[in-house]
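Here is the structure we will look at, set down as C-alpha cells.
Remember, predicted model here, so these are calculated numbers, not experimental data. Side-chain atoms are counted along with the backbone in the values below, which use heavy atoms only and exclude waters and symmetry mates. Numbers restart at 1 for each chain; the letters A, B, ... are given by sequence-line order, proteins then strands.
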Amino acid sequence: MSANKESWGSRVGLILAMAGNAVGLGNFLRFPVQAVQNGGGAFIIPYLVCFLVMGIPLLWIEWSMGRFGGKFGHHSTPFIVDTMGRNRLWKYIGVFGIWTNIAVAAYYCYLESWTLSYMFHSLGGTFSGMDQNGVAAFFIEYVSLGESTFGIPYEPIVFFLICLLLNTWILSQGLAKGVERVAKIGMPLLILFGIFLAYKGFTITAGENGAINDSTVGLNFLWTPQYDKLWSPSVWLAAAGQIFFTLSVGMGTVHCYASYVRSKDDIALNAMSAGWMNEFVEVVLGGAILIPISIGYLGIDRVTELVQSGGLGLGFRTLPYLFYQWGDVLGAVAGFMWFGLLFFAGITSSLAMGTPWIGFLQDEFNWKRKSAAWSFGLIVLILGMPTVLFFNYGVFDEYDYWAGTVSLVVFALLESILFAWVFGINKGWREIISGADIKVPGIYKFIIKFVTPLLLLWVFLGSLFTPKGGDWGKAFGGEWVLDDSSIIKKITNSDLKAKLAAATDPAVIEQLQDTLFFVNASRILLVTVWLSLALLVYIAYKKRVREGRI
Amino acid sequence: MNTSALVVMLLTLGIVTGLMLYFFWRVIKTPPKPEPDSYLDNDDEPGRQETIV
C-alpha cells in the first residue's frame, strides 16, 4: 500500500486547483483566435455542444477514474487504469498520463517563463517608447537568446530556471500547502486581472489614445455569427479540439488530482463547477481581451493577418505595444496584469503536470514528496533545455504537437473506451453518481457509452487524415489529398521537405536541414522518455508482484 | 454592435457566467459530508478492510 497519504485541504481549494489545471494560456490566446477563424459567434454553438457531449463526460470519466484509483492507493494513471481493465497492457496505455505531463511541462515551463520575464519587463518600462516592430523584434531577440535588456546574460535561460525552481519548490511543499495554496491565490488574481483587462477591452473609443476603432468593431468581428460555417466539419473539429485542450483532459492530471478525493465525496458537482469556471475564464474573459484590444488599435485587416500565426504572436509581439497607448503608467500596469494573468494561468497548469510523476514515485517506489518533486524539476530541465536552446529549430512546436496535441486525443479516446466498455458503463455510472451532490442526468449514461468515444474517434481520425485546406466536401467527393497539418503528413515531415526542395538560398537550406535534424531528434527524445517510463511501470509492476500486492 | 453579434454575445456570456456561478454556489452551499464514524469507514486502506470483513 502506498505511503502517500496526502489530501486536499478544502473543497473550494480542490475546485480552484482543478480549474487552475484547466485554465491555461490557451484560454486567452487560443480560444479567441479559433473563434474568429471558425465562424465568429456561430463557433460558440459547436463549442458548447462539444463541451456538453465530450467535455463534461470526459471530466466525469476522469474524476471518477481518479477517485476510484485513489481508493486503492494509486495516484497516477498507469495503475489507475490497471485497476479498471483486466488486461495487463492497460497500464502501459496509462504511461501516457505521466509522459504527456513531463513532455508538456518541458516546453510549457519555458512559455510560462516568458510571461514571468514579460511581467518584469512591463514593470521595468522596457516596452515604453517602442513601436510595434520594436516589441515584435524584442520577442524574436528574446527567443533567439539574444541581447538582454536587463543586462542578464542568457536571460531566457535564467527565467526558465527561476520558473522551474518555483514550480519544483511549490510541488515539494505538498498538495494542500503547495498546489492548493497557489490555486487559492492565483485563480482569484487571474480573474481580477482578467476583469480589469476585459473592462478596458469593452471600453475602447476610436480617436482616444490612438485607437482607430471602438471596441464594438472588435466585438462584432469576434461575435458576429457566420451560421453557414456550421456546415463545415472543420469548424466542428476545431470546436472539439478547443474543448479538449482547454479542459486539460486526456493528460492524466485530472485523474491524479481526483485520486486524492475521499471515496465518499462528490465528484459530479465538483467537476461541473471546475469545468464551468474554466469556460467562464475562456469565453467571458478570454473573448474580451485579445481581439477587441488588438482591433481597436490595429484594425480588422491587420489583426486578420496576425491571427494567421496564432494567438501567441498577438499576445507577446503586439499587446505590450498596445497597452502603452494608454500611457506609461497604465501601460506598465496593464502589461503586468496581462502577463501576470498568463503566468497564473500557466503555473496552475504546470503544477498539475508535476503531480502524476510525484504520485507515481511515492506510490510505487516510496519516494518522499520532496525528492520526487526535485526529480520532476530535473527531468523537466533536461527535457526542456532543447526547447529553449533550439526554439527556432522547431523543437518547441514538436513537443507541443506530439505531447500537447496528439497524445491527449489518443489517451482520451482509449480511456473513454476503457471506462464505458471495459470497466463497463454500469460500474462507471455508479462511480460517477456515488456521493454526488447533484443529480446527474441519465442521458449522460448513453452519451458516455456511445457519443463521447465516437466523437473522440472522429477527432482522432480527423487529425490523422485531415484533408487539404480542411475541405471535407472535396475529400468525401473522392479527392482526398492530405493536408500538411495531418498526423500522417507530420510524421513524414512533408511540409519541411517541400520547403527544402523549393529553397534555393544556401542559408535557408541550411536552416531547414538543421530544423529537420532537430525535429527528428526531438521525436527520438520523446519516444525514449516514453519507453523509459514504460520500463519504470514494468519494474513497479514486478515489484508489486514480488511484494504480493497484485 | 450589430444586433446578431450582440444577441449571441450577451446570450453566451449570460449562460456561461450564470452556470459558473450556479455550480460554484451549489458547492459552497452544500454542507460537508460527515466524517466516517466507524473504525472501518475511517480506514482508507481497502485491502485491510477486506481482510477484516
[atom1] of [X] to [atom2] of [Y]: how many Å apart, nearest 0.5 Å?
X: Trp223(A); Y: Met9(B); atom1: CH2; atom2: CE; answer: 7.5 Å
X: Leu219(A); Y: Met1(B); atom1: CG; atom2: CE; answer: 5.0 Å
X: Phe43(A); Y: Thr12(B); atom1: CZ; atom2: OG1; answer: 12.0 Å
X: Asp266(A); Y: Arg26(B); atom1: CG; atom2: CZ; answer: 9.5 Å

What closest approach, in Å, do [X] and [Y] show between heavy atoms, and which atom pair accounts for it?
X: Trp276(A); Y: Met20(B); result: O-CG, 3.6 Å
X: Ala5(B); Y: Asn220(A); result: CB-OD1, 3.5 Å
X: Val8(B); Y: Pro225(A); result: CG2-CG, 3.7 Å
X: Phe23(B); Y: Ser273(A); result: CB-CA, 3.8 Å

With a 4.5 angstrom heavy-atom cut-off, could you sort out which part of Tyr227(A) is near chain B: side chain, backbone, both or neither? side chain

Side chain, backbone, both or neither: which part of Val12(A) has a non-hydrogen atom closer than 4.5 Å to chain B? side chain

Against chain A, label Ser4(B) side chain, backbone, both or neither, depending on which of its atoms sit under 4.5 Å from a heavy atom there.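 Answer is both: backbone and side chain atoms of Ser4(B) are under 4.5 Å from chain A.
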
Quick one: which of Asn270(A), Ile45(A), Leu48(A), Ile438(A) has the most heavy-atom pairs under 4.5 Å with chain B, could you say?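 The answer is Ile438(A).
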
Salt-bridged, Lys33(B) to Asp437(A), with N to O below 4.0 Å?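 Yes, this pair counts.
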
With respect to chain A, which residue among Val7(B), Thr17(B), Leu21(B), Leu6(B) yields the maximal number of heavy-atom pairs within a distance under 4.5 Å? Thr17(B)

Taking the side chain as every heavy atom from C-beta outward, state whether Glu279(A) and Leu19(B) have any atom pair closer than 4.5 Å. no

